[in-house]
Visitor: 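Right, I'll just put the structure down here and ask away after.
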Amino acid sequence: MQDSQLSSEALPQHIAIIMDGNGRWAKERGKPRVFGHKKGVDAVRKTISTAAKLDIKAVTLFAFSSENWRRPEDEVGLLMELFITVLSAEVKRLHKNNIRLRIIGDKTRFSQRLQKKIAQAEELTRNNTGMTLNVAANYGGKWDITQAAKVLAQQVEQGELAPEDITEEVMSKHVAMSDLPDVDLLIRTSGECRISNFLLWQLAYAEMYFTPLYWPEFGEDSLIEAISWFVNRERRFGCTGEQIKALMDK
Ligand code: IPE
Ligand code: IPE
Ligand code: MG
């Protein structure tokens, strides 16, 4: 296949990533788990810039699950601090790159300080027209579907909606990221092959890519490899990483 034959339409529109393996990566290097989380931030930056260069419409990153509160208190505390620091440090750059940032998940459990940072970052980048970056924090797929059900139940209670009018389309409008296309490529690092209560509704037809790399090891080439795998699965022809890279330079 010639380079020119691969068009950006073949690329996934919405990539979701379960960024896993920070702890094991650190442990293998004799360091505390938090060292892995800090290193993971570099991988986040690389992923965002590569996806933006490829004109991917949306990227959704799993940063903290609703189950992650069960981790030791000091690890949770550090993750929250890291979240605040990274948000403060990166939001300007995201804005400069025309990226719209949104946090999905139940934000009510976060500190007031963090909630305020999140609101400011979302507000600043709200009208950006480039890539949408969704960060899933205190997110759970079951929570997402449940909160949508609650909204619809309230509408029924108030006589605004009849139960027989609850269709898949109506439900779709009330789960997270209803304005974006469903995820077409899910990536999970660290060799685990499960969803861990990440997006459920939105993954209904996603291709799932599992790599043994730990999240801090995931770089530009790793994302390109995952995307080539996706293109080859979807289109049943052999495109190369080089062809994907060629799209970045356009
Ligand atoms: C993923 O890495 C990051 C978060 C869940 C916040 P882990 O912390 O789960 O690392 P492992 O899976 O224990 O190696
Ligand atoms: C999923 O990873 C959550 C995030 C990446 C934020 P976990 O490491 O928490 O998932 P399990 O516990 O292995 O299923
Ligand atoms: Mg893990």
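Start at 1 and go down the list; that is how both ligands and their atoms are numbered. Quantities reported herein were computed from a predicted structural model and do not represent experimental measurements.
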Visitor: Is Glu81 salt-bridged to Arg113, going by a charged N under 4.0 Å from an acidic O?
Guide: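 Salt bridge flag = yes for Arg113 with Glu81.
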Visitor: Considering the options Ile104, Thr60, Asn68, which one meets the side-chain contact (heavy atoms from CB on, under 4.5 Å) requirement together with Tyr139?
Guide: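 The option that passes is Ile104.
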Visitor: Measuring from each atom of ligand 1, which residues have a heavy atom under 4.0 Å away?
Guide: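 Heavy-atom contacts below 4.0 Å: Met19, Asp20, Gly21, Asn22, Gly23, Arg24, Arg33, His37, Ala63, Asn68, Arg71, Leu79.
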Visitor: Would the distance check show the side chain of Asn138 and the main-chain N or O of Asp106 forming a donor-acceptor pair, the cut-off being under 3.5 Å?
Guide: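 Yes; at least one donor-acceptor contact below 3.5 Å.
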Visitor: Between Thr129 and Asn98, does the side chain to side chain donor-acceptor pair (under 3.5 Å) criterion hold? Intermediate values first, please.
Guide: CA-CA 6 Å; Thr129 53; Asn98 197 22; 2.9 Å; yes
Visitor: Going by salt bridge (charged side-chain N to carboxylate O under 4.0 Å, His left out), Glu122 matches just one of Lys117, Lys107, Lys116. Which one?
Guide: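 Output: one option passes, namely Lys107.
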Visitor: Run the side-chain contact (heavy atoms from CB on, under 4.5 Å) test on Thr132 and Ile99 for me, step by step, so that the C-alpha distance in whole Å, both residues' side-chain angles and the decisive distance to 0.1 Å come before the verdict.
Guide: CA-CA 6 Å; Thr132 298; Ile99 294 173; over 6 Å; no
Visitor: Could you walk me through whether Gln202 and Asp144 pass side chain to side chain donor-acceptor pair (under 3.5 Å), step by step?
Guide: CA-CA 10 Å; Gln202 301 87 339; Asp144 194 359; 2.9 Å; yes
Visitor: Count the heavy atoms belonging to other residues, nucleotides or ligands that lie under 6.0 Å from CD of Glu225, then report whether that count exceeds 12.
Guide: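 It does not: Glu225 CD has 12 such atoms or fewer within range.
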Visitor: What atoms of ligand 2 come closer than 4.0 angstrom to any heavy atom of Arg194?
Guide: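 Listed by number with element, the hits are 11 (P), 13 (O), 14 (O).
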Visitor: When you look at His37 and Glu75, which way does the side-chain contact (heavy atoms from CB on, under 4.5 Å) test go after all the steps?
Guide: CA-CA 10 Å; His37 295 317; Glu75 184 174 342; 2.8 Å; yes
Visitor: Quick one: CG on Asp221 to NZ on Lys46, what's the gap to the nearest 0.5 Å?
Guide: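 Those atoms lie 10.0 Å apart.
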Visitor: So, at under 2.8 Å, which protein N, O or S atoms would a careful student list around the Mg ion (ligand 3)?
Guide: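 You should have found Asp20 OD1.
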